[in-house]
Amino acid sequence: MKEQFHTLMNAIESKKAVLGVVGLGYVGLPLAVEMVKQGFTVIGIDLDPSKVESIYQGESYIHDISSEDLKTVMQSGRFQPTTDYSMLRVIDALSICVPTPLSENQDPDTSYIVTVVDQIKLHMKEGMLITLESTTYPGTTEELIEQELEAIGKKVGEDYFLCFSPERVDPSNGRYTTFNTPKVIGGTTEECLKLGAALYSQYVETVVPVSNPKIAEMSKLLENTFRSVNIAFVNEMAMMCDRMGIDIWEVIDAAATKPFGFMPFYPGPGIGGHCIPLDPMYLSWKAKGFRFYSQFIELAQSTNDNMPYYVMNKTATILNEYAKSIRKSNILLLGMAYKPNIADLRESPALEVYELFKEAGANVEYFDPYADTFRDKHGETVSSVEYNPANFKGYDCIVLITNHKDLEYDEIASLGVPILDTRNAFKEYPLPHIYKIGHSVQHPVTLQEEAVFA
Ligand SMILES: NC(=O)c1ccc[n+]([C@@H]2O[C@H](COP(=O)([O-])OP(=O)(O)OC[C@H]3O[C@@H](n4cnc5c(N)ncnc54)[C@H](O)[C@@H]3O)[C@@H](O)[C@H]2O)c1
């Protein structure tokens, strides 16, 4: 085994090791691209042939990777995307980046990891390093990989090496990328950790070694539960401020001037993406197995899940100012993505807001410069309307959900259509017809004002 350890270590340090990434999505594709940029040969395995084909064509489907970058990477001849799992036989170090969603019952769905492990069992290369990157509950690396491989006679630290290293990628974050975001890693044995740390040091600026995979798994869940709980807290504060007639946004700005002991979080229409709504549920599910019931996690989840209802009720209050009801009113949602400047609609609270308005009988449409279409809960495709301020005048209310940077805020504000701003994106336009969450409807619209904005 010592020999295999040294062989792999030498291959990593000399960049001769063949690296593999399973799952070429938001996490896996940027990782594979970074590995190639740092001089490695990389095999990317994805079940979706259309993704493999796009990569071959140099057409990126991930916002943070430009097609130019992808073309350069492909021209290097060192990136081979494939759907063929038998390529595992030539991979020295494999990173697993497949989805970890929730099941219908909100329990962890680790079936994607299980599928990958089944393929590893069939095709694994002797002495390979396997690193799980998918976010999951503490114990997964041990239970779903180590024990499974042990069952077919493969011993960790002898026949292969094993680590867990959580992914922290923040799509559209121009400052922190795969390269300069510190990476936590835990190995099953000391040698596993040495190899894992050596590998990731090749293409990540700072590697943070920890004692074992469970610490690494739990650290990721602590980070994301911290966000979920703090967002829920500020969402509750927003609803409190609304009731008390205090502007939460100004309150947060004031509190954020404290140079220590305070970190601003901002309210919104709910939480979205593949991480914050899901990851805490992985933790609370696992904790229940130990008869530990996390009230913080459940409370945060319920507060955040209620935000779309708050947005709808707030819209009803605004329409009431204009003697209108939600039923039969024309509502435009501005932005559907779960965060600004990306097209990702996974778990976006906008989807829930859309359904709530529909159920309440509104004619609801949306505009998103990034997301052209989405599927509603009945499976129907809904398309974004064209950007046309003249047509926007026909809506009874515009609800800003996602504060994309390239929306024409001044033009939209000047239309005079009542706006509910869930992100304080219209901060520069303190007009009476612009309302926001976390603040009461303080400008009862007088008939005179109505005439101005009609
Ligand atoms: N998106 C994020 O911002 C983010 C951030 C940190 C961590 N994570 C975690 O990273 C993991 C991956 O998330 P993502 O956002 O990249 O997901 P994604 O859906 O964008 O990509 C996953 C890819 O895996 C492929 N895939 C699914 N099953 C497969 C299989 N059995 N074999 C090969 N390929 C398979 C899919 O076709 C897809 O291309 C998740 O655990 C997630 O929680 C995501």
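Any value given below was found using the heavy atoms of this structure, including those in side chains, with hydrogens, waters and symmetry copies removed. For ligands, and for the atoms within them, numbers begin at 1 and follow the listed sequence. This structure is a prediction, so every number in the text was calculated from the model and none was measured.
- Under 4.0 Å from ligand 1, heavy atoms of Ser134 appear from its side chain as well as its backbone.
- Residue Thr100 places at least one N or O, backbone or side chain, under 3.5 Å from an N or O of ligand 1.
- Between Tyr387 and Phe367, a ring centre-to-centre spacing shorter than 6.0 Å is recorded.
- Donor-acceptor pairing under 3.5 Å is recorded for the side chains of Glu298 and Ser284.
- A salt bridge between Glu143 and Lys286 is present, with a side-chain N of the basic residue lying under 4.0 Å from a carboxylate O of the acidic one.
- Contacts of Asp344 with ligand 1, taken as heavy-atom pairs under 4.0 Å, are absent altogether.
- Contacts with ligand 1 closer than 4.0 Å are made by heavy atoms of both the backbone and the side chain of Asp46.
- For atom 16 (O) of ligand 1, the closest non-hydrogen atom of the protein is Val27 N, 2.9 Å.
- The main-chain N or O of Arg175 is found under 3.5 Å from a side-chain atom of Asn180 such that the two form a donor-acceptor pair.
- At the shortest separation from atom 35 (C) of ligand 1 among protein heavy atoms lies Val98 CG1, 3.7 Å.
- Aromatic rings of Tyr203 and Tyr200 (six-membered ring for Trp) have centroids within the 6.0 Å cut-off, being under it.
- Remark: side-chain polar atoms of Asn212 are not paired, donor with acceptor, to backbone N or O of Gly187 under 3.5 angstrom.
- Close N/O approach between Arg168 and ligand 1 is not found [any backbone or side-chain N/O within under 3.5 Å].
- With ring centers used as reference points, Phe233 lies 6.0 Å or more from Phe296.
- Of the candidates Tyr112, Tyr338, Tyr85, it is Tyr85 that places a heavy atom closest to atom 33 (C) of ligand 1.
- Asp107 places no side-chain N or O within donor-acceptor distance of the main-chain N or O of Ser103, the cut-off being under 3.5 Å.
- With a 4.0 Å cut-off on non-hydrogen atoms, Glu223 does not touch ligand 1 at all.
- In this structure, Glu133 falls outside the shell of residues with a heavy atom less than 4.0 angstrom from ligand 1.
- Between Pro267 and the choices Thr422, Ile231, Asp242, Ile252, the side chain to side chain contact (heavy atoms under 4.5 Å, CB included) rule is met once, by Ile252.
- Among all non-hydrogen protein atoms, the one lying nearest atom 9 (C) of ligand 1 is Thr135 OG1, 3.4 Å.
- Close approach of ligand 1 to Pro171 is summarised as follows: ligand atoms under 4.0 Å from at least one heavy atom of the residue are 3 (O).
- Distances between N or O atoms of Asp279 and those of ligand 1 include no value under 3.5 Å.
- In this structure, atom 13 (O) of ligand 1 lies nearest to the protein heavy atom His274 CD2, 3.5 Å.
- Residues Lys125 and Asp92 are paired through a salt bridge, judged by an N-O separation under 4.0 Å between the basic side chain and the carboxylate.
- Aromatic rings from His404 and Tyr370 are positioned such that their centres are separated by under 6.0 Å.
- Between the side chain of Tyr366 and the backbone N or O of Ser384 there is at least one donor-acceptor pair closer than 3.5 Å.
- Both the backbone and the side chain of Leu47 come within 4.0 Å of ligand 1, judged by heavy-atom distances.
- For the pair Tyr26 and ligand 1, the shortest N or O to N or O distance falls below 3.5 Å.
- Distance from atom 12 (C) of ligand 1 to its nearest protein heavy atom, with residue and atom name: Cys97 O, 3.4 Å.
- Distance alone, capped at 3.5 Å, is enough to place a donor-acceptor pair between the Thr181 side chain and the Thr177 backbone.
- Listed by number with element, the atoms of ligand 1 under 4.0 angstrom from any heavy atom of Val22 are 32 (N), 33 (C).
- Note: no N/O pair closer than 3.5 Å links Gly28 and ligand 1 by distance alone.
- Protein heavy atom nearest atom 2 (C) of ligand 1, with residue, atom name and distance: Cys275 SG, 4.0 Å.
- Atom 21 (O) of ligand 1 has its nearest heavy-atom neighbour, among Gly25, Gly44, Gly23, Pro166, in Gly25.
- Near Ile45, meaning under 4.0 Å from one of its heavy atoms, ligand 1 places the atoms 33 (C), 34 (N).
- Note that CG of Asp64 is 8.0 Å distant from CG of Asn173, once rounded to the nearest 0.5 Å.
- In terms of N/O distances under 3.5 Å, ligand 1 is not approached by Asp48.
- Which of Glu167, Gln119, Arg346 comes nearest to atom 19 (O) of ligand 1 through a heavy atom is settled by distance: it is Arg346.
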